[in-house]
J.: 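Input: one structure, supplied below.
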Amino acid sequence: MAKRIGMLGGTFDPVHIGHLRSALEVAENYALDQLLLVPNAQPPHRGAPQVSPQQRLEMVRLAVDGVDLLSVDDRELRRDKPSWSIDTLLSLRAELDKDDQLLLILGWDAFCGLPSWHRWDELLEHCHILVLQRPDADIEAPQALRDLVAAKSVSDPDALQGPNGQIAFVWQTPLAISATQIRQLLATQRCVRYLVPDAVFKYIYAHGLYQSS
Ligand code: ATP
């Protein structure tokens, strides 16, 4: 029986319930065997994060602790080069059977930026793409992506066929929460309780993270 593995990459600076609730709903609603949260080491598309990669990793670990369907994969932190998703997909693919489905999960904002990604036009050769709605991101897809969606999208994730090559949109519980918002709250001495899991909340305060602007 073919497996269904999801991958949600991100800076997770810090991980928050927008990531986690989306990940859990995708994993449960679309019968994933496992959904991997993959923290970036050196995000190619943005400046250096304020907190160390190990601290971001630790927060994701704390967030998924005890949740069987979600796990952390630190392969991008073990690589000594930029976190290109194509490399991560290839290395995950190498661990799977050829019929297994690999789902690259992207929020709408990340999906809209896809044409700037390294070897973006090869991604669908290795995975399907699942796009999460992002109520806090009002961005239009560039024409190249609209063409790709017209050619490759299916009605919903249950309609994905085969190990790779299609795009589907997910209507998970909309949570207009971003890591940027959380960093800004902390930098202005406001409380982020309930925006992040309690274990992450405690870690942030125990280590004094993000609390100076
Ligand atoms: P920042 O505000 O620092 O840019 P972020 O909150 O967008 O961070 P990332 O770690 O950059 O978080 O996001 C990782 C992935 O999770 C991306 O694909 C992003 O679109 C998605 N994502 C982030 N927040 C949400 C949310 N609230 N709902 C759905 N998807 C989300």
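For ligands, and for the atoms within them, numbers begin at 1 and follow the listed sequence.
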J.: What I'd like to find out is whether the side chain of Ile204 reaches to under 4.5 Å of the side chain of Phe201, using heavy atoms alone.
T.: no
J.: So does Arg193 pair up with Asp198, basic N to acidic O under 4.0 Å?
T.: yes
J.: Which heavy atom of Leu145 sits nearest to which heavy atom of Phe111, and what is that distance?
T.: CD1-O, 2.9 Å
J.: Verify the neighbour count for atom CD of Glu140: are there more than 12 heavy atoms of other residues, nucleotides or ligands below 6.0 Å?
T.: no
J.: Any N/O of Trp108 closer than 3.5 Å to an N/O of ligand 1?
T.: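 Between Trp108 and ligand 1 (N or O atoms, distance only) the closest approach is not under 3.5 Å.
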J.: Please confirm whether Arg21 approaches ligand 1 to less than 4.0 Å, judged on its heavy atoms.
T.: no
J.: Tell me whether the rings of His16 and His19 are parallel (<30°), tilted (30 to 60°) or perpendicular (>60°).
T.: parallel
J.: Is it true that Arg61 and Asp65 make a salt bridge, defined as a side-chain N closer than 4.0 Å to a carboxylate O?
T.: no
J.: Give the numbers and elements of all ligand 1 atoms closer than 4.0 Å to a heavy atom of Phe12.
T.: 10 (O)
J.: Look at the rings of Phe169 and Trp108 and say which category their plane angle falls in: under 30° parallel, 30 to 60° tilted, over 60° perpendicular.
T.: tilted
J.: Touching ligand 1 at all, Gln181? Heavy atoms, strictly under 4.0 Å?
T.: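 So Gln181 does not count as touching ligand 1.
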J.: I need the atoms of ligand 1 closer than 4.0 Å to a non-hydrogen atom of Ile177, numbered in the order shown.
T.: 24 (N), 26 (C), 27 (N)
J.: Show me which atoms of ligand 1 lie under 4.0 Å from any heavy atom of Gly18.
T.: 26 (C), 27 (N), 28 (N)
J.: Would a hydrophobic clustering, with Ile, Leu, Val, Met, Phe, Trp and Tyr connected at side-chain separations under 4.5 Å, put Trp117 with Leu124?
T.: yes
J.: Looking at Arg183, which atoms of ligand 1 are within less than 4.0 Å of one of its heavy atoms?
T.: 3 (O)
J.: Please indicate whether any nitrogen or oxygen in Ala176 is less than 3.5 Å from any nitrogen or oxygen in ligand 1.
T.: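 N/O-N/O distance below 3.5 Å does not exist for this pair.
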J.: Does any N/O atom on Asp136 come nearer than 3.5 Å to any N/O atom on ligand 1?
T.: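 No.
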J.: Looking at ligand 1, is there an atom of it that comes within less than 4.0 Å of some heavy atom belonging to Pro174?
T.: no
J.: Could you tell me which atoms of ligand 1, counted from 1 in the order shown, lie closer than 4.0 angstrom to a heavy atom of Gly10?
T.: 10 (O), 14 (C)
J.: According to a hydrophobic-cluster definition based on side-chain heavy atoms being under 4.5 Å apart (Ile, Leu, Val, Met, Phe, Trp, Tyr only), do Leu36 and Leu96 belong together?
T.: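 Yes, Leu36 and Leu96 fall within the same hydrophobic cluster.
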J.: Looking only at N/O atoms, are Thr180 and ligand 1 under 3.5 Å apart anywhere?
T.: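 N/O-N/O distance below 3.5 Å exists for this pair.
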J.: Give the numbers and elements of all ligand 1 atoms closer than 4.0 Å to a heavy atom of Leu132.
T.: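 Taking each heavy atom of Leu132 in turn, ligand 1 has 30 (N) under 4.0 Å.
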J.: When you check the gap from the basic side-chain N to the acidic O, do Asp136 and Arg134 get nearer than 4.0 Å?
T.: yes
J.: Should the pair Arg75-Glu95 be classified as a salt bridge under the 4.0 Å nitrogen-to-oxygen rule?
T.: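 Salt bridge: yes.
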J.: Using a 4.0 Å cutoff against the non-hydrogen atoms of Ser22, which atoms of ligand 1 qualify?
T.: 28 (N), 29 (C)
J.: Any N or O of Pro135 that comes nearer than 3.5 Å to an N or O of ligand 1?
T.: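 Min N/O separation from ligand 1 is not below 3.5 Å for Pro135.
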J.: As an exercise, identify every atom of ligand 1 less than 4.0 angstrom from a heavy atom of Ala179.
T.: 1 (P), 2 (O), 3 (O), 5 (P), 6 (O), 8 (O)
J.: Identify which of His19, Arg134, Arg56 has a heavy atom lying nearest to atom 28 (N) of ligand 1.
T.: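 Checking each option, the heavy atom nearest atom 28 (N) of ligand 1 is found in Arg134.
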J.: Heavy atoms only: which of Gly107, Gly9, Ala110 is nearest to atom 14 (C) of ligand 1?
T.: Gly9
